[in-house]
Amino acid sequence: VQLQASGGGLVQAGGSLRLSCAAYGNIFSINDMGWYRQAPGKERELVATITSGGATNYADSVKGRFTISRANAKNTVYLQMNSLKPEDTAVYHCNQEVVSGTSWNNYDMDYWGKGTQVTVSS
């Protein structure tokens, strides 16, 4: 299974970006999906997660500005980022807990995307 992320870039403060992350490979189903970010000199931190049932969780720093969603038919998770701030600058990584195999013989693993750079200028 591989995750392919896209949508990062350079944007001015107050602008918007939409990140996408699609999973490809031996996929039976996908449990939790999420986005994490890592700024220079800082540890990776959770941005947002979404369960298979659609329940969401956000870091306090992005609540009200970011929205996570998923398209199960496309094995894709999205992150809509509005009202971006310079402190949102980071490499954003997607994560998906993928179940591979069949309904009677399967296993689940965590997969990470390569990361996409988001830079917000002041």
Side-chain angles (χ1 to χ4, degrees):
V1 175
Q2 292 186 333
L3 303 188
Q4 184 172 345
S6 61
L10 173 63
V11 65
Q12 288 188 332
S16 298
L17 284 174
R18 188 189 193 214
L19 306 183
S20 300
C21 175
Y24 301 93
N26 181 4
I27 300 169
F28 177 73
S29 64
I30 301 176
N31 295 330
D32 292 357
M33 297 179 171
W35 289 94
Y36 295 73
R37 67 187 181 186
Q38 187 166 17
K42 294 187 177 182
E43 296 200 351
R44 186 175 295 188
E45 63 175 359
L46 178 147
V47 176
T49 60
I50 184 167
T51 68
S52 57
T56 58
N57 179 52
Y58 295 94
D60 288 343
S61 59
V62 307
K63 281 181 182 176
R65 301 188 297 121
F66 290 11
T67 302
I68 189 170
S69 61
R70 60 190 286 166
N72 291 327
K74 297 181 180 180
N75 298 324
T76 299
V77 59
Y78 305 97
L79 186 68
Q80 178 66 44
M81 304 184 292
N82 298 329
S83 303
L84 282 161
K85 304 176 181 180
E87 50 264 43
D88 294 319
T89 295
V91 176
Y92 284 69
H93 299 269
C94 60
N95 171 268
Q96 297 193 27
E97 184 185 344
V98 177
V99 179
S100 300
T102 63
S103 59
W104 61 88
N105 184 17
N106 57 70
Y107 60 94
D108 64 84
M109 285 184 63
D110 260 354
Y111 294 92
W112 290 90
K114 199 172 182 178
T116 183
Q117 176 71 45
V118 171
T119 303
V120 184
S121 63
S122 57

Anything under 3.5 Å between a donor and an acceptor, one on a side chain of residues 109-122, the other on a protein residue two or more places apart or in another chain? List them.
residue : atom : partner : partner atom : Å
Thr116  : OG1  : Gly8    : N            : 3.2
Gln117  : NE2  : Ala90   : O            : 3.4
Gln117  : NE2  : Thr119  : OG1          : 3.3

Residue pair Asp88, Met81: steps toward the side-chain contact (heavy atoms from CB on, under 4.5 Å) verdict: CA-CA 9 Å; Asp88 294 319; Met81 304 184 292; over 6 Å; no
Shortest non-hydrogen contact from Ile68 to Gly34? CD1-CA, 4.1 Å
Evaluation steps, side-chain contact (heavy atoms from CB on, under 4.5 Å), between Leu17 and Phe66: CA-CA 10 Å; Leu17 284 174; Phe66 290 11; over 6 Å; no
Closest non-hydrogen contact found for Ser69 with Ile50 is CA-CD1, 4.0 Å
Taking side chain as C-beta onward, heavy atoms only, is Leu46 less than 4.5 Å from Asn57? yes
If we ignore angles and hydrogens, is there a donor and acceptor under 3.5 Å between the side chains of Ser52 and Asn31? no
Ser20 and Trp35 have their tightest heavy-atom pair at O-CH2, 3.7 Å
Nearest heavy-atom pair of Leu3 and Gln96: which atoms, and what distance? CD1-N, 3.8 Å
With a cutoff of under 4.5 Å between side-chain heavy atoms, which Ile, Leu, Val, Met, Phe, Trp and Tyr residues group with Phe28? Val99
Identify whether Leu84 and Val91 are in the same connected component of the hydrophobic contact network (ILVMFWY, side-chain heavy atoms under 4.5 Å). no
Please round to the nearest 0.5 Å and tell me the distance separating atom CD of Gln38 and atom CD of Glu45. 9.5 Å
Evaluation steps, side-chain contact (heavy atoms from CB on, under 4.5 Å), between Thr49 and Asp32: CA-CA 7 Å; Thr49 60; Asp32 292 357; 5.7 Å; no
Apply side-chain contact (heavy atoms from CB on, under 4.5 Å) to residues Gln80 and Ser16 and explain how you reach the verdict. CA-CA 7 Å; Gln80 178 66 44; Ser16 298; 4.0 Å; yes
Can you measure from SG (Cys21) to CE (Met33) and round to the nearest 0.5 angstrom? 8.0 Å
For the hydrophobic clusters of this structure (ILVMFWY residues joined by side-chain heavy atoms under 4.5 Å, transitively), does one cluster hold both Val98 and Tyr24? no
Please determine whether residues Tyr36 and Leu19 belong to a single hydrophobic cluster, defined as Ile, Leu, Val, Met, Phe, Trp and Tyr linked transitively by side-chain heavy-atom distances below 4.5 Å. no
Here the gap from Ile30 atom CD1 to Asp108 atom CG, rounded to the nearest 0.5 Å, amounts to 12.0 Å
Mind checking side chain to side chain contact (heavy atoms under 4.5 Å, CB included) for Lys63 and listing every partner two or more places apart, or none if nothing turns up? Tyr58, Asp60
Ala22 to Thr76 - nearest heavy-atom pair and separation: CB-OG1, 3.5 Å
